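The basis for the numbers below is simple: all heavy atoms, side chains too, and nothing from hydrogens, waters or symmetry mates. The model shown is predicted, which means the values in this text are computed figures rather than measured ones. Below, chains carry the letters A, B, ... as their sequence lines are ordered, and counting in each starts from 1.
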Amino acid sequence: MSLEEQRALLQQEFPGLLEEERKKEERKTVQPLPGAVEGKVTLRFAPNPDFYIHLGNARPAILCDEYAKIYKGKMILRFEDTDPRTKTPLKEAYDAIREDLRWLDVKWHEEYVQSARLEIYYDVAREMLKRGCAYIDTCKEEGKRLLLQGKHCPTREREAEWQLEQFDKMVEGAFKEGEALLRIKTDPTHPNPSIRDWAALRIINVEKYPHPLVGSKYWVWPLYNFSVSVDDHLMGVTHVIRGREHEVNTEKQLYVYKCMGWDVPVFIHTGRLKLEGFILSKSKIRELLSKHKEEFLGPDDPRFGTIASLRRRGILPETIREVILSVGIKESDATISWVNLSSANRVLLDRRADRIMAVAEPREMVYEGECVDAEIPYHPDVPARKRKYRICRGDRILVDERDLGLGEFRLMGAANVKVEGDRLVFVSRELEHALRRKLQVIQWVPSEGAVRTKIYVPQGLELRRLHAVAERALREYGPGSPLQLIRFGFVRVERAGEAYELIFTHE
RNA sequence: GCCGCGGUAGUAUAGCCAGGCCCAGUAUGCGGGCCUUUCGAGCCCGUGACCCGGGUUCAAAUCCCGGCCGCGGCACCA
């Protein structure tokens with residue numbers, strides 16, 4: 001059968017299916033990448049491994065990945081860990097970031113760590129000194145002050161030979177932290193003072209601040225703008241997608257490209273991404289974690305906006321991708337509302353999450369009447385998969401306190417009953433009866449085998465803890481399983497065991 | 001203060017570069033209905049926006065100017 005024939009048949013037999021497929025394709029579309037040629041695109045995601053990545057960091061990562069896939073291009077993962085002093089890399093973050101990216105289905109073809117490439121930066125620095133595009137500023141604090149006034153440190157005028165000599169001294173450790181600095185010559189009177197002869201390599205006292213990967217081996221460290229320009233060129237990056245906060249940096253980096261005669265990649269700056277009600281900032285999360293260690297469950301606490309947090313909470317990677325792609329590469333900031341995110345997640349989760357009955361305010365009732373075999377499907381779309389409970393006279397059943405006021409209701413999948421004191425009295429078995437009388441269908445839990453559960457409900461910076469009792473079928477699920485507690489919402493199994501711990505995902 | 005970037009319904013986004021097809025599309029939310037052994041999903045109907053003021057033009061969400069608001073950067077963070 002040809003593709004067309006299959007489509008025609010599908011259209012005839014299951015018109016809904018094709019419709020759904022079409023819709024999905026539409027959603028996934030991203031705008032074309034400027035200047036992109038199929039097979040000739042190289043992108044990179046360059047996180048600082050000083051902490052776990054969050055939703056905002058995921059934006060460029062996913063966009064790059066998406067474009068790399070669309071244009072059959074190359075994707076590079078580059079760890080930018082060149083500041084052992086103020087942004088000390090976290091050793092565990094390298095792996096955590098890799099794991100998060102894999103979970104997000106971001107594929108990379110090459111991987112680099114900047115702290116292993118210092119010699120490369122030194123080489124380019126020497127070349128730029130040779131070409132007269134850079135100089136060593138030994139004026140210390142005064143150098144900065146001069147530039148602020150549109151002047152500059154006199155060493156700017158010295159010849160290349162002297163500059164190279166000084167640079168070697170820097171590398172060998174002849175200068176202390178702050179005593180010498182390699183600057184890129186731009187324009188000392190540039191209207192934006194931060195662009196005036198910007199700093200490219202500086203000295204860090206690694207005896208005091210050792211780097212977690214290379215220890216105290218290197219004395220001279222490149223700054224962002226320098227290492228990034230060098231790497232983007234050497235790695236053949238054609239398109240740089242990064243946050244808008246880098247706009248000025250782009251202008252600075254152009255000086256390196258110009259001096260070295262390199263081709264300039266396409267720069268795209270995206271706005272900031274916020275997640276309504278969540279903390280995304282790495283530094284804020286670090287602060288909270290160090291100040292209130294006891295109150296949080298770690299970097300992946302479900303109240304944070306880190307990728308690990310969202311995963312733990314039960315947000316699916318497909319949801320994150322969908323939301324980020326729908327925001328696209330706009331320059332304006334975007335605030336993702338939790339309602340929208342959970343709505344997108346719910347659509348995907350609904351198909352995967354089995355339904356489990358649990359009651360939050362359990363009240364034990366005694367069943368009165370003939371024996372009933374209850375058959376409850378794990379998922380309404382797959383009625384054949386089900387578990388069975390038999391209830392007979394004298395059996396104890398837990399129902400939610402709040403449902404008792406209904407007087408008469410249907411125990412889901414079992415029978416229609418009436419409340420009489422602490423007894424549930426059998427009325428009839430037929431569903432039709434319940435439908436006719438518009439009885440509320442409620443979830444219930446047989447006391448025998450019931451599982452105690454603790455449900456964590458994240459709300460802003462609060463983490464409420466609810467207790468509920470679930471039917472024994474819950475025991476069939478291990479950590480990580482997505483579930484829906486009927487009439488309560490979606491949850492993810494956090495811990496299995498004698499008692500269960502669940503994290504509330506969303507309604 | 002200086003430099004730069006943005007502003008479409010509650011939220012997000014399409015359209016803006018190449019002005020008319022936009023009394024502005026889509027998703028979500030909200031209101032109503034249908035369906036359904038969940039207050040879940042699905043389906044149908046409705047609700048709701050071009051920051052303000054000028055200008056250019058036969059015609060402006062779209063181009064120009066001014067204002068207002070928001071955001072980013074500010075220099076040995078990335």
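- If you measure from atom CG of A:Leu485 to atom C1' of B:C39, you get 13 Å, rounded to the nearest angstrom.
- A distance of about 44 Å separates the C1' atoms of B:A78 and B:G55, rounded to the whole Å.
- In this structure, B:C5 forms a base pair with B:G70, meeting either the Watson-Crick or the G-U wobble geometry with both donor-acceptor distances under 3.5 Å.
- Ranking B:G10, B:A78, B:U37 by closeness to the A:Thr82 side chain, first place goes to B:A78.
- B:G66 sits 13 Å from B:G4 when the P atoms are compared, rounded to a whole Å.
- Ion pairing between A:Arg183 and A:Asp137 holds under the 4.0 Å rule for side-chain N and carboxylate O.
- Nucleotides B:C65 and B:G7 place their P atoms 15 Å apart, quoted to the nearest Å.
- Comparing atom distances between the A:Thr335 side chain and each of B:U11, B:C2, B:G72 picks out B:U11 as nearest.
- With both ends at atom P, the span from B:G40 to B:G32 equals 13 Å, rounded to whole Å.
- Within 6.0 Å of CZ in A:Arg385 there are more than 12 heavy atoms belonging to other residues, nucleotides or ligands.
- A salt bridge does not link A:Glu507 to A:Arg346: none of the charged nitrogens lies less than 4.0 Å from a carboxylate oxygen.
- Summarising the geometry, the separation between CZ on A:Phe226 and P on B:A78 is reported as 13 Å, rounded to the nearest angstrom.
- Between A:Arg202 and B:A75 there is no side-chain polar atom (N or O) within less than 4.0 angstrom of OP1 or OP2.
- Across the C1' atoms, B:G48 and B:U8 are found 12 Å apart, a figure rounded to whole Å.
- Taking side-chain N and O atoms only, A:Ser326 has no distance below 4.0 Å to OP1 or OP2 of B:A27.
- Rounded to a whole angstrom, the distance from the C1' atom of B:A9 to that of B:A59 is 25 Å.
- Nearest to the side-chain atoms of A:Leu223 among the listed nucleotides B:A78, B:G6, B:U38 stands B:A78.
- Taking the charged nitrogens against the carboxylate oxygens, A:Asp168 and A:Arg126 do have a contact shorter than 4.0 Å, which makes a salt bridge.
- Close to B:A41, at under 4.0 Å from its OP1 or OP2, lies a side-chain N or O of A:Arg346.
- Both distances falling under 3.5 Å, in either a Watson-Crick or a G-U wobble arrangement, occur for no nucleotide opposite B:A14.
- Base-pair partner of B:U47: B:G29 (Watson-Crick or G-U wobble, both distances under 3.5 Å).
- Between the side chains of A:Gln459 and A:Arg464, at least one donor N or O sits under 3.5 Å from an acceptor N or O.
- In this model, a side-chain donor or acceptor of A:Gln484 finds a partner on the base of B:U38 within 3.5 Å.
- Rounded to the nearest Å, the gap between the P atom of B:G31 and that of B:C39 is 16 Å.
- Close to B:C77, at under 4.0 Å from its OP1 or OP2, lies a side-chain N or O of A:Arg85.
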